[in-house]
> 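Could you have a look at this structure, given as structure tokens, before my questions?
Letters A, B, ... mirror the listed sequences (proteins, then strands); counts begin at 1.
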Amino acid sequence: MSQHIVTGPERSRGDALLEIHGLCVDYGQGSDAVHAVTDVDLVLHRGEVLGLAGESGSGKSTLAMAATRLLREPGVITAGEVRLHYDTGSVADLLEAGTGALRVLRWSEVSLVIQSAMNALNPVMSIRTQLTDALAAHVPDMSRRSRRDRAVELLGMVGISADRLGSHPHELSGGMRQRVMIAMALALRPQIVIMDEPTTALDVVTQREILEELIDLRDRFGFAILFITHDLSLLIEIADSIAVMYAGRLVERASAQALFRAPRHPYTLGLLHSFPALHGPRVPMTGIPGSPPDLRMLPSGCVFHPRCRFALARCADDAPPLAATGTGGRVVACWLQHPPESAPTELARPEPGLEAWAPPATADGQAATQGGSAA
Amino acid sequence: MAVGIGTDRATGAASAPGSLPAAGGRSRAWRLPRSPKIIVGLVMLAVFVIIAIIGPLIAPYNPNVSFANSSVPLPPSGAHWLGTTALQQDVLSQLLSGGRSTLLVALIAGVIATALSVIIGVTAGYLGGLADDVLSMLANIFLVMPALPLLMILFGFLGHSSADNDLVVALVISITGWAWGARVLRAQTLSLRNRDYVDSARLIGESNWRIIGTEIVPNLVPVIASSFLFTVLYGVGTYTAIAFLGYVNPDHWSWGSMLFYSQEVNAETSGYWWWFVPPGLAVAFLGTSLALLNFGIDEFVNPRLRAAGLSGHPSRRTRGRTRQSFGQTAVIRADRGRP
Amino acid sequence: MRTIARRLAFYAATAIVAISVDFLIPRIIPGNPVNAILARMQGATLSKATIAGLDEQYGVNTKTSLWTQYIHFWGNVLHGNLGTSTSNGFVAVSTVIREALPWTLGLVGVATVISFVLGTLIGVLVAWRRGTWLDNLLPATTFFQAAPYFFIAFLAIDLFSTKLGWLPSGQGHQDLDFPALNWTYISDVLDHAVLPALTIVVASAAGWIISMRNVMVTTMDEDYVLVAAAKGLHRRRVIWYAARNAVLPSISGFSLAIGFIVSGALLTEIVFSYPGLGLLLVNAVSDNDYALLQGLFLIITLAVLAANLIADFVYVFLDPRIRQEA
Amino acid sequence: MTTPVLEARGLTKHFAVHDGGGTGRPRLPAVSRPVVHAVEDVSLKLPPAHVTAVVGESGSGKSTLARLLARLISPTSGQVLLNGHAAPRGRRRRLEYARTVQMVLQDPFASLNPLHDVRYHLSRPFRVHGLARPGAELDEKMADLLERVALTPADAYLRKYPHELSGGQRQRVAIARALAVRPQVLLADEPVSMLDVSIRLGVLNLLGDLRDREKLAILYITHDIASARYLADEIVVMYAGQLVESGPAEAVTDQPAHPYTRLLLSAAPDPERSTQPQLRGRGAPPSLVRPPSGCRFRARCPHAMPICAEQVPPQFPAGTGHSGACWLLDTEAGRAAPAGPAPAPPGDEPAGDLSDHGKHA
């Protein structure tokens, strides 16, 4: 069934697909505006799984929704550009696009899977209608029959039998609904699929099954995924690279393994130490002291400094710029990395070479990883 | 009126697009609602309350006195600002005298019906089980039965004389008016009953009555207020209808009875608009003030209902050029002084 | 289907309650209705049998137990025997009602459907274009929602009939004996129905507008509407995604509204002297025609129940979650 | 192991299936409605100074179990023993029970009434149980309480309303309220799942401290097996209303005895994992309205045998203080494949297992 699904001919992994530059998003306007996303730069490459990690209020969903112009009122984009690269080589700035242009590129270039599939599927419409109406809107000359065939094919891709076409969402389990959402997202073979906490509401076994299928589909069709979640430990397993957000700002971006083995930002380090391990000796861990800040009353300087155990005097006054560090295009916004030699040992671990990387199978290795947090 | 809303709840770790970390939403629960709807509604209602209290005193004439023998109503003039009726009575004086009974009956009916609906609705919702089944059934029956025919058959048998008594009229109106509030309150109580903070109160050993009194009913205040306003609105309409049908003692001036007399001589087909328009508008605006307040409470309970143009202060800049439209986030380039 | 069965059981229970209320009201309310009737008939000589019949009907001067009377009452109701109308020359109540019923059903039925459809469409539009000038419609609708039906009827007559002379101000048709069913007659009936129908539509559409607008605004916040926009569907289709869901609460709230609308429509009929149940009702009260009063209450209640049942069928048809509930 | 403070013996809870209650539409009275077998024959002991974690997916019955133990709902059958005696009934006795057993609920945004300030929430348990007179004594006790949950200075918090607190602070207030009566048992139903990742450990550590300092017996309900391993002394795994495995925390996670526990472990996120985990037992839990005969996991189990459909597996020992409800562990019948207390690590079982089962099947 997959034979006639063609992945784009000239697609090569690694080209920039979606470039976000200096994006700023507010909720509300004027003096009560809340700055939900501030000056974010992010690039999604062809075929890449880019993880966007952060806690509630970090702006990760807002960023993704704003970049696709789907953010609701009172959200407003106040600065930046979002460039979408087509297969043909042409480029569109989504922030300058009009209604018609946006409608054409939606779903055919960028599709979306959101958290709770119960709410993302229309409760009074059949699965078939919801699978085929995007086809009908974007491929007007497609016959009713071939739309149906495509819907069957899509369901097959996510392991759901064709007899579910006539079902309504309430007749499916949570996992099935999320599979339908994924199938729907792939209907027009988009280059980009944005996934906003796609598995958070699911049980861990179902979550794992769906992630496996997802990565499998990505390998077959080569689309890129912007994967948004608060679960950093999950992201490290499935993402190629990860961007960490805090209070609306990007604080660190690196390849998944580099971020995991050698975090450069104290917040990333803290997050990594907020997930207890499944193996090895049990060691006390502390998480991060304090709470995420209220976006209405952000601290001065580096927004993370009140919770940072390494904070320097200047952190309270100056916001650190997002600066390149190490190799592989990783960036970090932290004064501790200026210069990198001055960083505390926990934040200066050697980066793993991707080729030379070997699984640290021993319990000792894990203990060492966690040692930093045991303070 | 410090009221918090059960529906107002942050979503915790799950950050839905567009939902802020709930700080703003939560503090809202403690502020006196100040929407334009509520202010306009309150001002209008205040005017009517003042008319009800001092209206009969400031009426220029005795509403019962005829000034002439002519049977042709006179249009508005310097002597009679709102003209006269077919009996040559002063319309303005009748209008000013007619507010009191309308408001009083509606108020009494509202209080009785709301009390009934709170008792029945909260009991049904909190107790659940058979009590709920029976009480909900009762409420639904009263909801489905058309009220006016029921009132008419009641007044038909009671005879017109009984309708002189404001209290009897209010009582009869409240019998047909409690069910809506009871149904809404039952549904709200049902959802509150399963709230974690009710379970928490139970867990520390609070008694049922204490839980109803301190955990459930205070959170129902907006719903009760809305149900009360709705019943008063219903009372105004129903009392006016009954008076319009002529079941209220003719000596008892109300806006409804003014409409009754104007209808008796076909004022509407004779062009005597000054006779029926003032009482009709008075009823309509009194109702509007109550409905606006109700609308305000709804918006307060569910802020999403707010009309963007009437609440808050949208930036003038955006209104001209980029209107927010669904599925297309506005881009308003602004220098916000980046850090 | 279980939902339908449940609703049927509920309506049956409501009908039983309504019939019992109908039976009880003349018996629990102080006073002697038969004397009142006799007083009103003045002079007219009534046979002993007629008076005995009245006594039985209202349970006065009788030794039969209340329960037996109740059973008897039920027997009469089930046979369509609603007594005789004293104000209409002792014709059977059922005959009197049968003549008036089509007028009311036609007027109220058509007006309600129009007002529901119109109100719902406007409500969708106002919700979708939130933040535009359309928001200003809401305070205006609030006014119409609060204004009594009969006041709007007054205004309609004053404006369109008295001042402009476009339409007749009363009756259901020209006073013709035995009208033939031809175009002249039909257009005459329609002519007479326009103003009353307009009154009902204007007065009741406001409620539908506001409720639809509020549900629609809430529904537009649902994720599936966002997904519809994200799919790049045409705007009308996106609106449909939301409206299709938002209309459900309106339909389930039908029972609440229909009682109001019927009450308002009866008053409208009175203002227009429309030959329907409303006019009968008001005359029955002023003539102490208790049997007719009871019969009317019964018929109106049953008609409202039937309308509710239809709304329930529509609801079940439109909501797959209920439809498949086995 | 010391005598348990709280013990569940054969607790079973069947719920009537809801039919549209709460929609405002009338419904018929209950006539032979089907029931959900939410919790089936669960026995459990909570010793003092001990955290027992109950791990399971949604619908596994873990929250129902906690509510049964808190006596928010009453069991269909089975017993709750408090310090070795049948738990008391009646209003007075309910207060007595509440003084010993307290509970913290999942959602800190819902468990505090938005209309009441922290002072009100904390003073109520003292007032209800007559533990402090209003005035200085009460103030002192509330300050002490806030200190116990690390919310200082107390004065700053007492005047606050729930909406002025962060999620973590709210959950600490909820815990403080539960601690006011100096209970012996604290039932915590997913106390951190609604909190931000970075502050979860703070609350978990607080629970650990309470166990150590105040010798509380704590029941920690969670779907996150890694956090159970972090905090708990003992882990109990539930599946579809039944208890499938229990034992010392590290034993359960490092040498899981039940195929379901292994599945759970292999599915849990683990950044240390080098290869894709192998899921053995895909699918969904069975309907609890008509639960399958025998072992409820058998439909998904890679090792299912005929006996699994015939009889509910009892708890078989799987090591010191470690047991599993799985016929594979039935050493006497010679069915057990993995000899000794340490079955295969999660995910990669020796192939020998399967062939062994095949012979018996």
Side-chain angles (χ1 to χ4, degrees), chain A residues 53-58 173-176 201-209 211-212 215 230-238 246 256-257 260 267 270-292 294 307 357-361 365-366 369 373, chain D residues 55-60 150 164-170 192-205 208 223-232 249-250 253-254 260 263-285 300 345-346:
Chain A
E55 301 177 86
S56 60
S58 64
S173 69
M176 282 229 254
L202 304 174
D203 281 324
V204 5
V205 177
T206 316
Q207 163 174 309
R208 175 65 62 182
E209 287 172 9
L211 289 177
E212 281 178 8
I215 297 304
H230 65 275
D231 192 346
L232 188 57
S233 63
L234 179 77
L235 218 42
I236 290 163
E237 273 193 78
I238 62 158
Y246 185 77
Q257 282 306 318
F260 176 51
Y267 177 64
L271 268 190
L272 286 169
H273 289 152
S274 297
F275 294 94
L278 269 179
H279 316 281
R282 297 197 286 176
V283 287
M285 299 164 75
T286 51
I288 307 176
S291 316
D294 182 342
R307 301 177 74 190
W357 182 76
Q366 289 147 21
T369 316
S373 66
Chain D
V55 179
E57 297 181 89
S58 56
S60 63
E164 299 171 292
L165 302 175
S166 71
Q169 290 167 340
R170 281 163 172 240
V192 298
S193 67
M194 302 288 273
L195 302 181
D196 267 324
V197 172
S198 68
I199 54 182
R200 286 182 187 175
L201 277 176
V203 173
L204 286 187
N205 288 341
H223 61 266
D224 176 12
I225 198 164
S227 75
R229 183 181 191 270
Y230 174 77
L231 175 67
E250 279 174 288
T253 53
D254 297 355
Y260 175 67
L263 173 68
L264 213 52
L265 283 162
S266 62
D270 180 6
E272 295 286 348
R273 214 177 337 240
S274 52
T275 50
Q276 277 278 331
Q278 203 194 352
L279 289 186
R280 310 195 60 189
R282 289 165 184 277
R300 296 168 71 179

> Do you know which of D270(D), D224(D), I199(D), L231(D) has the most heavy-atom pairs with chain A at a distance under 4.5 angstrom?
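Option with the top pair count is D270(D).
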> Measuring only between side-chain heavy atoms, which start at C-beta, is E57(D) closer than 4.5 Å to H223(D)?
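No; the side chains remain at least 4.5 Å from each other.
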> Less than 4.5 Å to any heavy atom of chain D: does that hold for the side chain of S291(A), its backbone, both, or neither?
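When you check distances to chain D, atoms from both the backbone and side chain of S291(A) fall under 4.5 Å.
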> Against P269(D), only a single residue in D231(A), L235(A), I238(A) fulfils side chain to side chain contact (heavy atoms under 4.5 Å, CB included); can you say which?
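Single side chain to side chain contact (heavy atoms under 4.5 Å, CB included) partner of P269(D) among D231(A), L235(A), I238(A): D231(A).
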> If we define contacts as heavy-atom pairs under 4.5 Å, which of I236(A), V205(A), L232(A) has the most with chain D?
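It is V205(A).
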> With a 4.5 angstrom heavy-atom cut-off, which part of N205(D) approaches chain A: side chain, backbone, both or neither?
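Looking at N205(D), just its side chain touches chain A.
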> Got a second to check how far L234(A)'s CG is from R208(A)'s CZ, nearest 0.5 Å?
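The CZ atom of R208(A) is 6.5 Å from CG of L234(A), to the nearest 0.5 Å.
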> When rounded to the nearest 0.5 angstrom, what is the spacing between OG in S233(A) and CZ in R273(D)?
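So the gap between those two atoms works out to 9.5 Å.
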> Nearest 0.5 angstrom please: L201(D) CG to S274(A) OG, how far?
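Between L201(D) CG and S274(A) OG, I get 5.5 Å after rounding to 0.5 Å.
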> At a 4.5 Å cut-off on heavy atoms, which part of A284(D) comes close to chain A: side chain, backbone, both, or neither?
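No part of A284(D) comes within 4.5 Å of chain A.
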